Undergrad: 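Below: one structure in structure tokens.
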Amino acid sequence: MREISHKLAFVHDTPPTRYSDVFDPNNGGVQARVALGDAALLDLAVAAAKKAQPGWAAVNPQRRARVMFNFKALVEANMNELAHLLSSEHGKVIADSKGDIQRGLEVIEFCCGIPHVLKGEYTQGAGPGIDVYSFRQPIGIGAGITPFNFPGMIPLWMSGVAIATGNAFILKPSERDPSVPVRLAELFLEAGLPEGILQVVQGDKEMVDAILDHPDIKGVSFVGSSDIAHYVYNRGVAAGKRVQAMGGAKNHGIVMPDADLDQVVNDLSGAAFGSAGERCMALPVVVPVGEKTAIALREKLIPAIEALRVGVSTDAEAHYGPVVTAAHKQKIENWIQTGVDEGAELVVDGRGFKLQGHEEGFFVGPTLFDHVTTDMSAYKEEIFGPVLQMVRADSFEEAVSLPSKHQYGNGVALFTRNGHAAREFAARVDVGMVGINVPIPVPVAYHTFGGWKRSAFGDTNQHGMEGVKFWTKVKTVTQRWPDGGASADSAFVIPTMG
Ligand code: NAD
């Protein structure tokens, strides 16, 4: 069987003792196994990173940016191969896999401008003969722990900024789709990145714990489900690291009575069902405001959902492919049953979906619930599948309160033609990323990505300036150059610039 391994800066010939299966979601079989690393392997990777990092930090930022330019060109040249590899393990359709990698590349494009970003601050004449300047230095060795659902984009969010700012970076990708991160690390080497600056260690909880406890890893960026994000945050911080830990989501799409419903149905179809709903910025909850809006929206949604084409990830006509594993398919179908048991109306049932010729594939048909209420656990928890839940609201106020009161606060969207309502909504809603007539408001790379409440632990976001702040520490120098005259008397009070 094909074996997927680590990408290290040294020869490692100790045979692995543990493996995890990597499935073929289109057909249901095991296609490969990935070696799971342990603390001893991590020690070696950290030692290699420690050796390489000072030299890389000393490379001037313009040269570091050149590696980013080279890498971008290499990824573009290999886009097809990368997208097929990604789809074969994740199950998302090829066009969506290309989007996954492209969104990561946009962060690399941001990193191409790193010299500008790292210029620092300077105050001339802050006091008599005194100048002050601040600049950012790399934290040293950083680590990233990533989820299965964006095996291209999220490793690039983290590694791009960490490396461009002069750190060495160790990535532990999801064991469910581990191949693309290894390929990206190979392309970074080809782009001119020195050995040891980016390494990939494969593993599960054992490796995550080793990363969190390792004294030489100074910062950990995590993306995954909320309970694990919370655990990672607490354990990493207790070990003295800076930690940013992004968690789960349950994003609401609020539809005002004046919205263009045809456009809303188009937007919702893609945002709720694209990538089989396995996106932290999916829109799994729709909130029509007013009875009339609910009736009209439901009437248009049902045929649109029934017309969705579920297919294998290489089917260019398919709207979405299989989910990642049989266990995840089962979990989604269990949630659908829970919704029924809790009294929601199951309008379109995607359970038991079989694709002809791929009967063992991990497919879930599109599912629609109506009359979902806020007390239901199927509403409160993340399902992470192709399931859209309609929660009816009587007023704008009620609609704003729903995402605001929800435990998650990743993304939210409002569909309206009313600028005042949109402005109020954006200002008041208790959620980190807001779309106004934009169903999936993932911010561009030079802004920053991060949710609120149980969608993120820690206080800095991914990429943009927040990412730069996370992967660097600021140093401030206050300097005076004596003019050669008599030196001042000793000062025993705190110096001021007055
Ligand atoms: P997950 O939490 O199962 O796994 C994420 C990472 O944690 C993986 O690398 C995994 O190996 C590791 N891990 C798993 N169990 C662990 C444990 N017990 N202890 C320590 N580490 C452990 O998440 P997933 O299923 O791979 O990804 C889907 C989740 O990620 C969803 O909840 C989704 O909303 C979330 N997500 C969030 C964002 C965001 O930016 N907020 C983005 C993408 C995905």
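All ligand and atom numbering here is 1-based and tracks the order in the structure. Here the structure is a predicted model, which is why all the values come from computation and not from measurement.
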Undergrad: Among all protein non-hydrogen atoms, which one is nearest to atom 26 (O) of ligand 1, and what is the separation to 0.1 Å?
TA: Phe148 N, 3.0 Å
Undergrad: So is Arg176 in contact with ligand 1, going by heavy-atom distances below 4.0 Å?
TA: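 The answer is yes, since Arg176 has a heavy atom less than 4.0 Å from ligand 1.
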Undergrad: Going by atom types only, do Lys205 and Tyr231 share a side-chain donor-acceptor pair under 3.5 Å?
TA: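 On atom types as modelled, these side chains qualify, holding a pair under 3.5 Å.
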Undergrad: So, are Asp227 and Arg454 salt-bridged, with charged N and O less than 4.0 Å apart?
TA: yes
Undergrad: Students should be able to answer this: which protein heavy-atom is nearest to atom 37 (C) of ligand 1, and at what distance?
TA: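 Scanning the protein heavy atoms, the shortest distance from atom 37 (C) of ligand 1 goes to Gly247 O, 3.0 Å.
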Undergrad: Above 12 or not: heavy atoms from other molecules or residues under 6.0 Å from CZ of Phe10?
TA: yes
Undergrad: May I ask you to check whether Glu382 has an N/O atom sitting below 3.5 Å from an N/O atom of ligand 1?
TA: yes
Undergrad: Looking at ligand 1, would Ile154 count as a contact under a 4.0 Å heavy-atom criterion?
TA: yes
Undergrad: At a 4.0 Å cut-off, with the gap strictly under it, does some heavy atom of Phe384 reach an atom of ligand 1?
TA: yes
Undergrad: Can you run down the side chain to side chain donor-acceptor pair (under 3.5 Å) pairs that involve residues 360-370, sequence neighbours left out, and say none if there aren't any?
TA: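 Those involving residues 360-370 are Arg298-Asp370, Asp370-Arg392.
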Undergrad: Just need the protein heavy atom nearest to atom 15 (N) of ligand 1, so name the residue and atom and give the distance.
TA: Ile228 CD1, 3.2 Å
Undergrad: Is any side-chain N of the basic residue among Arg33 and Glu3 closer than 4.0 Å to the acidic one's carboxylate O?
TA: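 Looking at Glu3 together with Arg33, the answer is yes, because their closest N to O distance falls below 4.0 Å.
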Undergrad: Does Gly451 reach ligand 1, in the sense of a heavy atom lying below 4.0 Å from it?
TA: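 Gly451: no contact with ligand 1 (<4.0 Å).
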Undergrad: Ser225 to ligand 1: N or O pair under 3.5 Å?
TA: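 Yes; at least one N/O pair falls below 3.5 Å.
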Undergrad: Give me the residue, atom name and distance of the protein heavy atom closest to atom 12 (C) of ligand 1.
TA: Val208 CG2, 4.2 Å
Undergrad: Provide, to 0.1 Å, the distance between atom 35 (C) of ligand 1 and the closest protein heavy atom, together with that atom's residue and name.
TA: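 Going atom by atom, the protein heavy atom closest to atom 35 (C) of ligand 1 ends up being Gly224 O, 3.1 Å.
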Undergrad: Which residue holds the protein heavy atom closest to atom 8 (C) of ligand 1, what is that atom called, and what is the gap in Å?
TA: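 Its nearest protein heavy-atom neighbour is Thr146 O, 3.3 Å.
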Undergrad: For atom 18 (N) of ligand 1, what's the nearest protein heavy atom and its distance?
TA: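 In this structure, atom 18 (N) of ligand 1 has Lys205 CD, 3.7 Å as its nearest protein heavy atom.
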